[in-house]
Amino acid sequence: MDELLVARVRLLDQQGRSVKAIARATGMSAGDVVGVLNGAVSGPGRGEPRCWVNAGWSRSVDLEGAPQWAGLDPGASGAEEMRGLVAVLVAADGTRSAKAQVAGFLLDVWCLGIKNALAPEPMSESRLAGHRGVYFSAFEGHAQVPADLARALVFGAAAYARGFGFEPEGEVAEEFTEAAVLLGEPAGPSPIGFGRDGKPFFVNGPYDDPERVLRTLRCAVGDDGFHFEVAFPEQPSRRRRLFGPRR
């Protein structure tokens with residue numbers, strides 16, 4: 001890639017521009033912008049991205065194939081009802097900027113995979129600390145985890161859902177693609193088990209289309225191949241952003 005273009009991307013990043021704003025200013029795709037920013041911090045001395053997961057995440061998945069991660073959940077013995085939802089936050093630190101690129105994922109580890117995603121945006125450490133508290137406010141808390149665990153959750157949940165015909169769509173798909181570049185590809189298939197009791201279990205939220213999901217599941221695994229619990233019959237017309245709007 002042209003060195004002047006790379007330099008411009010880095011300069012705009014240092015000025016606090018978001019990935020989408022940099023893409024518009026340079027004529028690049030958002031994925032290429034993330035790649036440049038990731039590459040700018042991927043040289044010698046750069047470690048893995050920092051990752052956090054909500055407390056209680058392990059109660060919604062099967063860790064028989066990944067016992068090394070069983071002790072990394074401070075909410076593993078919590079009493080809160082399992083919902084099959086896992087939130088992952090990722091921050092990649094740069095060598096050319098004091099700000100980290102921060103992205104997020106909301107996962108349905110029982111059925112739908114990628115429920116929502118936030119594309120990378122630059123944040124100072126103080127803003128990241130505040131954002132992290134708000135991001136996980138719907139859960140019991142959160143804990144920092146290895147990047148390999150975050151990748152196994154995110155890409156594993158996506159692959160599990162894909163097997164039944166579910167893929168992120170529209171804006172969620174775009175932001176997932178950008179955020180996934182920041183997290184980095186996993187080394188291999190996820191050792192984590194998804195679904196509930198060996199089958200997909202669909203519990204709809206207010207922005208899902210239950211009839212469409214159940215129809216897709218019946219086509220994929222038949223009437224006896226899944227479980228479901230449906231609520232929220234009134235479907236809003238618009239999907240809310242993950243944990244509030246950007247500033």
Side-chain angles (χ1 to χ4, degrees), residues 9 12-13 16-38 49 51-54 83-92 99-123 127-128 131-132 134-139 150-151 153-185 202-213 215-216 232 234-247:
V9 169
L12 291 171
D13 175 53
R17 302 285 190 90
S18 69
V19 169
K20 287 190 174 180
I22 296 174
R24 287 194 296 268
T26 59
M28 299 169 62
S29 70
D32 285 343
V33 171
V34 174
V36 169
L37 296 177
N38 223 16
C51 302
W52 297 267
V53 181
N54 63 280
R83 295 175 290 169
L85 296 178
V86 173
V88 178
L89 187 67
V90 181
K99 295 183 177 181
Q101 289 289 327
V102 179
F105 307 87
L106 181 63
L107 313 174
D108 174 0
V109 297
W110 286 349
C111 185
L112 299 179
I114 309 302
K115 289 277 284 187
N116 212 337
L118 287 180
E121 64 172 310
M123 293 188 188
R127 185 183 171 196
L128 172 57
H131 177 72
R132 194 163 58 239
V134 174
Y135 190 85
F136 290 107
S137 61
F139 299 91
R151 292 187 189 105
L153 284 167
V154 171
F155 292 105
Y160 180 75
R162 190 178 304 119
F164 306 112
F166 300 115
E167 296 270 12
E169 300 177 344
E171 183 181 357
V172 174
E174 294 176 5
E175 301 216 3
F176 171 69
T177 298
E178 297 168 27
V181 173
L182 195 69
L183 181 57
E185 291 290 336
F202 172 58
V203 181
N204 75 302
Y207 302 95
D208 294 320
D209 182 342
E211 291 185 2
R212 179 184 178 190
V213 172
R215 185 167 57 247
T216 300
F232 305 112
E234 297 295 329
Q235 302 301 309
S237 60
R238 297 185 63 187
R239 176 182 292 272
R240 183 181 59 187
R241 289 193 61 83
L242 179 63
F243 303 120
R246 291 188 185 177
R247 292 179 293 172

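Numbering starts at 1 and runs along the sequence shown.
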message: Please enumerate all residues that pass side chain to side chain donor-acceptor pair (under 3.5 Å) together with Arg132, with sequence neighbours excluded.
response: none
- prompt: Just how far is it from atom CG of Asp209 to atom CZ of Arg215, taken to the nearest 0.5 Å?
  reply: 7.0 Å
- line: Heavy-atom closest pair (Gly31 atom, Val181 atom, distance to 0.1 Å) is O-CG1, 4.5 Å
query: Looking at CD of Glu178 and CG of Leu118, how far apart are the two atoms once the value is rounded to the nearest 0.5 Å?
result: 10.5 Å
Residues forming a side chain to side chain donor-acceptor pair (under 3.5 Å) with Thr177, sequence neighbours excluded: none
- request: Measure the CZ-CG distance between Phe176 and Leu106 for me, rounded to the nearest 0.5 Å.
  value: 12.5 Å
- prompt: At their closest point, which heavy atom of Pro210 faces which heavy atom of Phe202, and how far apart are they?
  reply: CA-CE2, 3.9 Å
statement: Heavy-atom closest pair (Arg151 atom, Leu183 atom, distance to 0.1 Å) is NE-O, 3.0 Å
query: Hey, does Leu107 have a side-chain heavy atom less than 4.5 Å from the side chain of Leu85?
result: no
- request: Measure the CZ-CG distance between Phe105 and Leu89 for me, rounded to the nearest 0.5 Å.
  value: 9.5 Å
task: Could you pull out the closest heavy-atom pair between Ala30 and Val19, with the gap in Å?
output: O-CG1, 3.6 Å
- prompt: Between atom OG1 of Thr26 and atom CG of Asp32, what is the distance when rounded to the nearest 0.5 Å?
  reply: 9.0 Å
query: From Glu171 CD over to Asn116 CG, what is the distance, rounded to the nearest 0.5 angstrom?
result: 8.0 Å
task: Specify the closest pair of heavy atoms between Pro120 and Gln101, including all atoms of both residues, with the distance to one decimal.
output: CB-OE1, 3.5 Å
Can you give me every donor-acceptor pair (side chain of residues 159-166, partner residue at least two apart or in another chain, under 3.5 Å) with its distance?
{"residue": "Arg162", "atom": "NE", "partner": "Glu167", "partner atom": "OE2", "Å": "3.0"}

task: Could you please spell out the steps behind the salt bridge (Lys or Arg N to Asp or Glu O under 4.0 Å) verdict for Glu175 and Lys20?
output: CA-CA 10 Å; Glu175 301 216 3; Lys20 287 190 174 180; 3.4 Å; yes
Ala87 to Asn54 - nearest heavy-atom pair and separation: N-OD1, 2.8 Å
